[in-house]
Structure formats: C-alpha cells, structure tokens
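This report refers to the structure that appears directly beneath it.
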Amino acid sequence: MRDIDMSTKYDPTSVEAGRYDNWQSKKLFAPESNKEIQGNEPEPYSIVIPPPNVTGKLHLGHAWDTTLQDMIIRQKRMQGFDTLWLPGMDHAGIATQAKVEQRLRGEGVSRYDLGREKFVEQVWDWKNEYATTIKQQWGKMGLSLDFDRERFTLDEGLNKAVNKVFIDLYNKGLIYRGEYIINWDPQARTALSDIEVIYQDDAGAFYHVKYPFTDGTTFDGKDYIEIATTRPETMFGDVAVAVHPSDERYKDLIGKKVLVPLVGREIPIIADEYVEKDFGTGMVKITPAHDPNDFQVGNRHDLERINTMTEDGHLNEFAGKYNGMDRFDARKAIAADLEAGDYMLKVDPIVHSVGHSERTGVQVESRLSTQWFVKMEPLAKQILDMQKNDDEKVEFVPARFEDTFSRWMENIRDWVISRQLWWGHQIPAWYKNKGTDKEELYVGTEAPAGDGWERDPDVLDTWFSSALWPFSTMGWPEKLDGDFARYYPTNTLVTGYDIIFFWVARMMFQGKEFTGQRPFKNVLIHGLIRDGEGRKMSKSLGNGVDPMDVIEKYGADALRWFLVTGSTPGQDLRFTYEKMDSAWNFINKIWNASRYVIMNLDEDTPSTLPDMSQLTLADQWILSRLNTVVTNVTRNFDKFEFGEAGRELYNFIWSDFADWYIEMTKETLNGDQDKAPVQQTLAYVLDQTLRLLQPIMPFVTEAIWQEMPAQNGSEADFAIVKYPVVREELSNPDAEQAFKSLQDLIVAVRNIRAEANAPMSTPIDLMIQTTDDNLKHIFETNADYINRFAHPKTLIISDDVQAPNLAMSQVISGAEIYVPLAELIDIDEEITRLQTEVKKFAGEVKRAEGKLGNDKFVSGAPEAVVAAEKEKLADWQAKLNATEERLQTLKANQYKL
C-alpha cells in the first residue's frame, strides 16, 4: 500500500481551508476562465442570483436557494457551457431603512434628527457591513460566483435602468399619480403594496353604536340606527351610512340624515350595492379616507374624504379632543366616551384577520394618499399571452405554480410603487408650485430649465428595481452588446414559492416590456425550510438555524448534500441535526472508500479506462453500473430532480462501489495476479464518481481528486474538469445481470447464516442447483468470489443436487441454494420460514396474474412493459414451485431424525 496524506477520518475544516480563496484568486468562475472545457462555440448558460437583502446575515433558506443554483451552474460549467453566475444584493428599501432606524432609536436618535443626507450615509455604512458578511458566507458555502460582475440594486448602472423604465412607462401612460386608499405602515411612514401586507388573527371587538336621526325619525320604535364597527377611531371620517338599494327594511330611510356620535356632524343614509344585506344589520358606515371599499362608494356618490389620521398613526385635528392621541389609545378613550354618552349599545369581543406590515410588524392602516402607480392590466395581459406561446413562455418547475402565477396576474390590481422613504431610487419626477392650482409636473432625470422645481422626495418600491435584475445587471440599457447580448435571457431562476408574486411576476412583465423577451427560460420553485416538527423557522419560536454554525460543525459539503437531496421541487424541507449526521456519515464513507482505493493504486496508475479485454465480471459490472448512474444523474439534473439524482449517487457509492466492488477487488489486490486492470478500473470509477459529485460537494471531491496518482498531489483545478458522459461501450446488461445473480447468491447465503446464527467462521457446505447453463457458468467462473463472500467448506454447483433432508435453503432467480446445517437448525423453524416464503411468492404470482389478466393493461401498456411483467410472473412461479417442493421434502423428513 502507498503512503498518502489523507486522514483516517473526514475532517471538513482541513479539507475546506483555503480552497475557496484559491478558486477565486484564479478567477475560475468567470466565463473567460472556462476555455479548457468549452468547445469552439460553447452554448451560453446564465443564472442571476436572487439578490439577498442587505438587512442581515444569510439564513438557511438562502443557503438552500444558492446551493441549488451553484450545483446547476457547476454542472453546466463542467459540461462545457459558457457559464455565468452573476452575484449581487438588494438594497431592500423599507426593510433596510427599518433596521437602521431601529439601531438609531437604540442610540436615542431618529432619521429626522440626522436629515436625509446623513441618514442615507448611515444606511450605506450598514450596507457595506452586511454586504461583506454576506460575501464571506457565500464563500463558506463554496458558491462559484463571478465577483467581477457583482451588482447592487442601488448602483449607478441600475439607477439608470430604473429611471429609464419609470420614464418610459410614464410616457406610455402606464405609470400615473393619483389619490387612492393604500396600505400604510405608520412606523415606517410609508405606503405598502398589497403583497407586503401579512394577515394574522388579532383580538378585537365589534362596537355597536347608536347613530341618532337628526329630524325625529324613528325606526323600529327607536330614534337611532345601529352601526357596528371594529374601528371607532375612524368614525370622525364618516361621511355617510349605506344600505343595499333592494333591502326592503331600509327603503324609507334612504335620504334621511343621522349624527356622527361625539362630534354631532350630519351624514346622509345612501343606497349602494356594495352593502351585504345579510351581514350584520345590513347598514355600514362609509369612511372613504380609511377603507378601500368605502373609497369606491365615496367616488360613486361624490362624497367628501376626511382623513383623520397622521402618518405615524395618531389622530389629527378632525378628531376633535382626541387630536394627537395614538390610534389604539384613542380607540379605548372613544369607546369609554361612547359608553358615557349612552351611544354604546354593546361590545362583542372577536378575533379577526388584520393586516400587518411585512417589514415592521405593526398593524397597517388603510389611508387616503397621493401615490405613484403602475397600470397593471396591459402589462399582465402581455405576460399571459406570452405564456400561451411555447417558444416564448417561462417554464415553471413544478408546473402547478404556473396556475398560481396566472390566477394572480388575471386578478391583478394596480401596483403602488412610491414609498415615503429616504433609502432607495428617488423618483425621477419634479414639481413646481406643488399643492396649488398652478402645480406643474415633469418626469425626467433632470429638472426642467427655470427656478422653482423640486424633486419628488419619495423613492420607488424595492421590487421596482429588482424586477429589472435579469437584464439591468447585464448592462441594459447602456450596453446592449457584451453580456446582455450573450447571456440574456438567462436560463434558470431558482427561488421560493413565497415570492412568485413579489418578484417572479414582476421580472416577467418588465422583461417582456423592455427587452421583448422572457427574462429566464425556467423558474425552479422550492419551498420553505422548516424545523423537524414542520414549523416555519422564526425568531419568536427560537427554532432558527444559522447555516454558518452548521458548516462549522459538519462542513459545507454536508450541508449542501442535505439541502440538495432532502426535498423535491416545490416542497418544503425539514431540517434536523440527525439528517446532518447522516450527510456527514455519507461523506465520511466516500472519504474512507477513496482513501482505500488511492492507497492501493500505484504511483503511476492513470484514471483512464483499462484494456477492456482484461476486465473481470466485477469490473465489467461496476463500469456498466457507472454508465447507468451517469445517465440517470444527468437526466435528473436536467429535470431539476436533484433528490432523485442524489439517491442514485448515494446507492451507487455506498452499496455498489464501496460495499460490493471494492470488496470484490480485495481478492486481486491482495493476491499475486496482475493488479493493473483492477487498479485502473478503481481509479477510473473513483475519478468519474468524484466528477458526478463535484457540483454538490465541491470541497471534498477536489481534496480527494488531487490525491489520486493521476494528479500526484497537484493543485489542478477540479472545479473546471469535464463532466462524465455516457459511454456506450461500457453498457453491459449481461454483466449486470450476471453480477446480480452473484449478489443474490451471496446475500442468500448470508441470510441463511444469519437465520442459523452461523457466523462466517462456521464451516458450511454450499450446494447450488441450477438447470440454467448460463447461470451455472457464471457461478463456476466466479467461484473465487463465492468462496470469498460465502466462505463455504465445500462448494457444489450442479443441475442435479441431492439436497439433504435437513438443510436450510433459499430460492433465487434460476437457482436453489442449500446449506446442510442439521446440527445448527431447528427443522420446525425452517418449515415455518418456508411456509412464510410460500405465502409471499404466491402473493406475487397472484398480483402478476391479475395484472396480466387485465385487458386494459395488456392492450394499453407498452409491449416491453407487458413482456417484463410476464418475465416477473415466470420468475415468481419458479420460486414458488421450488419452495413448495422443498417444503414438502422437509415435512416428509420432519421426524426422521
């Protein structure tokens, strides 16, 4: 055995140390560095990273998302594609500003104390701090990113793209400014889009309040009507009470007036079809400045809009004595005053769904505000039409998510894109005499000539800039050649199902509108990472897991293996440390198997195929199995079925290669015969297996590969070697079938020994009966393997075996196996075991007969499938017959001891 520099146990810390820096220093992941494995005209393959927010460190969800992308791009790079994986980060407007404001509040400072310019400087400092951390984390995970092309959603190039898109959409009439009810975050003091609002159940109440008639009218004997509301603090904005026009109960009240309690303002009773007759009393108060539905009613009836709340969630001058009170404090005070003034009829506690800001967590207000909007209907239609064209459409994986996407696009509302923030792309709009009858508006990057122009202070929604990410990062609109011409549209987007609406849809309609093309050909959707109990990871539950802590303990490759193989597309993934233990154990198995192989190679053993004429059955089998694995892994990668690819690799490495083939080679490696063909086969299979694994676990595969004699400890770059391809000359179904027969035989003997409690050291006689000449030849020519793995004292292979009365037996396809163990077994127990086998085989025969007796199956299934089922039936029938025969023999001799 050779002396090699490999520890006896896999140590991820030493394996991973320095490798990533080496890869980056050589710029291995730039398209320009991959010429060795690219053909004359390599096909481009590009991915843009979903830019993480610079709000903090990466979590396990980021690790999952980026590992899938890295695996895809690594494989494509090895396959000879001209690959680009472009990194970058998102400024994350409201989220990042909220984080910085939280930090400042801890120091007793607000953004208003600093002013816009100095506050933005603070946010840039935050960005630089966390961007550095994120890049370090990417390195820890081994992500093969081209950092020379790194982008940021607030960099100069992206700002030019954002301005062009805004101005062009405005000039096309697809961006407009208007007064509407929007979602308002009182803590961040900014508008929110509908999908930035998270609904959760909150405790609340229905307050049933008297609204007195103004003219002495009575209804049901009362001088008031009953109105129920969950938000009495908005009643000062009431401008009407509405009933359904066909509600017979209230037809005589339409046109009457009532008083708003506590302020005594008169409001009319109106009829509008918005009201649900069967809900509550069938009467609702109309507050156009504080409810989106009421806003529409107000527009239809030309009602006044009274905004009673400030930007930060306090009541204003329209609320009378409650002016300046926090909205929730005001609710309590108003309820108390309604009780004291005999306006409160009752209070019913309820639990209801209330909108909260996704970023700050506070309850959202529906608030009347002047904002900028994107007119979505024509843009959505363009995308829905695109999805009907097979040559243009974006392929969703799994396909079911396209239905989710389409439903949302079909029912889309206009998108509010302005945010009352300081961190972000400032809107390229200018005002003169703002707020007066002489107000002028100009949209452009620079103010028009003349004095008095002021820029809109608001910034654009973060998603407005990230919607341009696939093409703005490639140089658009300034450079339409270079990367944009070469790598756009991108090939695959990988993202979670939770941002299909936020991001995927917006990239699609902006990409189509401004480039005329889809932004990506495929979008691979994954789920969320949950804890072992299936709960979403969160700070409140304390069940979050830092991927860097996992890497510290298990290594990046183990984390990557778990993330890649633990789920199917679109499904959630459960994290447990037991799964990480299994991942580490698998890599340790690879490490030790590789170490054994490398120790048993000569200094000059190449990693190339040996002379095929010198191969043993085991050599032919493992090479044919490898070929099958290359086929299946490549196919599953192409379908994004990474869990299936992982299972294929796991079974091949653990069982076929380590447990069977390596064990089979020990007879040769420890003997006197020529070792070179077996050594070369071992080297070739290990080399190809490491290449298959490299996209998933790049650190350990390179460390092992560099120890192989063909590399001789070199610093060769395993990241850019060629990926395995199917080699037709290696496919050998006959060898696979022959070796399977050997495996079945060896497993059967091991099972007999286990049932008889006869260890390998116990001498046995092994008798094999078969009338299949080919099988007999296989067993005879591979007797060395049988002797090594079955350890018989004597071995008989014949078509006419005289089985002793007292023997344990197993039936395999084409053969019966007998081990005379009269002194070791209980014949009654053996009869019981055989009876169980008979039941099993009879069940399989019945199942196969039923399937073949089904006309639909026989006529509808492919011919090869029907033929295979017939072969199975014949095999099960032969096993059943042989077992029944052996059972009868034992029963006949049961008492002849």
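Given the structure is predicted, the values throughout are model-derived calculations rather than measurements. In what follows, residues are counted from 1 in the order of the sequence shown.
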Problem set entry | Short side-chain donor-acceptor distance under 3.5 Å, E837 and T883 | no
Exercise. Residues in ring pair (Phe, Tyr, Trp, His ring centres under 6.0 Å) with F562, at least two apart?
Worked result: F575
Seminar exercise, completed: Hits for ring pair (Phe, Tyr, Trp, His ring centres under 6.0 Å) against F841, two or more places apart or cross-chain, chain-then-number order -> W876
For this session: Report yes or no: do Y818 and D765 form a side-chain donor-acceptor pair below 3.5 Å?
Result: no
Exercise. Can you name the closest pair of heavy atoms from E736 and W621 and give their distance?
Worked result: CA-CD1, 3.7 Å
Exercise. Do side-chain atoms of D717 reach the backbone of A719 as a donor and acceptor pair under 3.5 angstrom?
Worked result: no
For this session: Could you check if a side-chain atom of F779 sits within less than 4.5 angstrom of a side-chain atom of L742, using non-hydrogen atoms only?
Result: yes
Exercise. Does the side chain of D875 pick up a donor-acceptor pair with the side chain of Q877 at under 3.5 Å?
Worked result: no
Exercise. Between D687 and W705, is any side-chain donor less than 3.5 angstrom from a side-chain acceptor?
Worked result: yes
Exercise. For K579, which residues count as a salt bridge (Lys or Arg N to Asp or Glu O under 4.0 Å) partner, sequence neighbours excluded?
Worked result: none
Problem set entry | N670 atom CG, over 12 foreign heavy atoms within 6.0 Å | yes
Problem set entry | Carboxylate-amine/guanidinium proximity below 4.0 Å for D784 and R788 | no
Exercise. Does the side chain of V685 reach to within under 4.5 Å of the side chain of V597, using non-hydrogen atoms?
Worked result: no
Exercise. Minimum heavy-atom separation for S731 to N627, with atom names?
Worked result: OG-ND2, 2.8 Å
For this session: Output yes when R647 and E641 qualify as a salt bridge under the 4.0 Å nitrogen-oxygen rule, no when they do not.
Result: no
Problem set entry | Residues forming a side chain to side chain contact (heavy atoms under 4.5 Å, CB included) with R635, sequence neighbours excluded | T631, N632, K639
Exercise. With a 4.5 Å limit on heavy-atom distance, are the side chains of W561 and V700 in contact?
Worked result: no
Donor-acceptor pairs under 3.5 angstrom involving side-chain atoms of residues 851-868: please list them, not counting sequence neighbours.
{"unit_1": "N854", "atom_1": "OD1", "unit_2": "K856", "atom_2": "N", "d": "2.9"}
{"unit_1": "N854", "atom_1": "OD1", "unit_2": "F857", "atom_2": "N", "d": "3.4"}
{"unit_1": "S859", "atom_1": "OG", "unit_2": "D855", "atom_2": "O", "d": "2.7"}

Exercise. Does a salt bridge link E663 with K666, judged by any charged N lying under 4.0 Å from a carboxylate O?
Worked result: yes
Exercise. Is atom NZ of K870 surrounded by more than 12 heavy atoms (other residues, nucleotides or ligands) closer than 6.0 Å?
Worked result: no
Problem set entry | Salt-bridge criterion met for R19 and E16 (N-O under 4.0 Å) | no
Exercise. According to the salt bridge (charged side-chain N to carboxylate O under 4.0 Å, His left out) rule, which pairs have a member within residues 595-623, sequence neighbours left out?
Worked result: R2-E603
